[in-house]
Amino acid sequence: MSEFAPICIYLVISPLVSLIPLGVPFPFASNSSTYPEKLSAYECGFDPSGDARSRFDIRFYPVPILFIIPDPEVTFSFPWAVPPNKIDLFGSWSMMAFLLILTIGSLYEWKRGASDRE
């Protein structure tokens, strides 16, 4: 049982470390949710107008997708950031294939006009 003592201590301390900071503000918080202004939706000082569940134009979806694409590109480029004499032939060609696929995708998006505004 003694070899499991650190795990048991961890299982007791870790919930306390995460739950204590969540509970500390409650005794010090005021009950400000009774004000009707706090319960109303805020829209630049005006009363809310329209439905928040309206349909969204499909033309705006490529914009966030175009911003998401560089994230895996940078992630997959990190292993290539080593001295050139440390990369073997397979590593070099796999990175070139990855960059070729990204280039083809970027040219396809550019040709389709995904980043053009109407």
Side-chain angles (χ1 to χ4, degrees):
M1 185 66 184
S2 65
E3 65 263 10
F4 295 114
I7 295 173
C8 293
I9 292 170
Y10 176 76
L11 290 175
V12 169
I13 292 177
S14 62
L16 291 176
V17 167
S18 61
L19 292 176
I20 288 174
L22 289 175
V24 167
F26 285 105
F28 303 108
S30 65
N31 192 4
S32 63
S33 64
T34 58
Y35 302 117
E37 291 87 15
K38 292 279 187 180
L39 298 176
S40 67
Y42 181 72
E43 194 171 319
C44 301
F46 300 107
D47 291 331
S49 62
D51 184 20
R53 304 274 186 230
S54 62
R55 294 193 59 102
F56 199 67
D57 193 3
I58 194 76
R59 290 178 295 166
F60 295 108
Y61 286 110
V63 174
I65 290 172
L66 291 175
F67 281 106
I68 290 172
I69 288 173
D71 293 335
E73 177 184 343
V74 169
T75 303
F76 288 129
S77 299
F78 274 127
W80 205 45
V82 295
N85 60 352
K86 301 282 186 186
I87 299 176
D88 59 348
L89 195 59
F90 178 75
S92 296
W93 282 110
S94 62
M95 192 60 187
M96 291 302 152
F98 176 69
L99 291 174
L100 178 70
I101 292 170
L102 284 177
T103 304
I104 290 170
S106 298
L107 291 174
Y108 176 74
E109 289 174 355
W110 183 29
K111 197 73 166 169
R112 282 202 63 201
S115 60
D116 293 343
R117 296 288 178 171
E118 293 180 8

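Note that the structure is predicted; figures quoted are calculated from it, not measured.
Under the 4.5 Å side-chain heavy-atom criterion for Ile, Leu, Val, Met, Phe, Trp and Tyr, L11 and F4 are members of the same hydrophobic cluster. No chain of hydrophobic side-chain contacts below 4.5 Å, direct or via other Ile, Leu, Val, Met, Phe, Trp or Tyr residues, connects F28 to L22. By the criterion of side-chain heavy atoms lying less than 4.5 angstrom apart, applied directly or through intervening Ile, Leu, Val, Met, Phe, Trp or Tyr residues, L89 is grouped together with F98 in one hydrophobic cluster. V24 and L19 fall into different hydrophobic clusters, defined by Ile, Leu, Val, Met, Phe, Trp and Tyr side-chain heavy atoms under 4.5 Å apart, directly or through other members.
For L107, the side-chain contact (heavy atoms from CB on, under 4.5 Å) test picks out T103, W110, with sequence neighbours left out. For the side-chain contact (heavy atoms from CB on, under 4.5 Å) test, residues two or more places apart in sequence or in another chain that qualify with V17 are I13.
In this structure, the separation between CG on L100 and CH2 on W93 is 10.0 Å, given to the nearest 0.5 Å.
Across D88 and G91, no two heavy atoms sit closer than the pair OD1-N, 3.1 Å.
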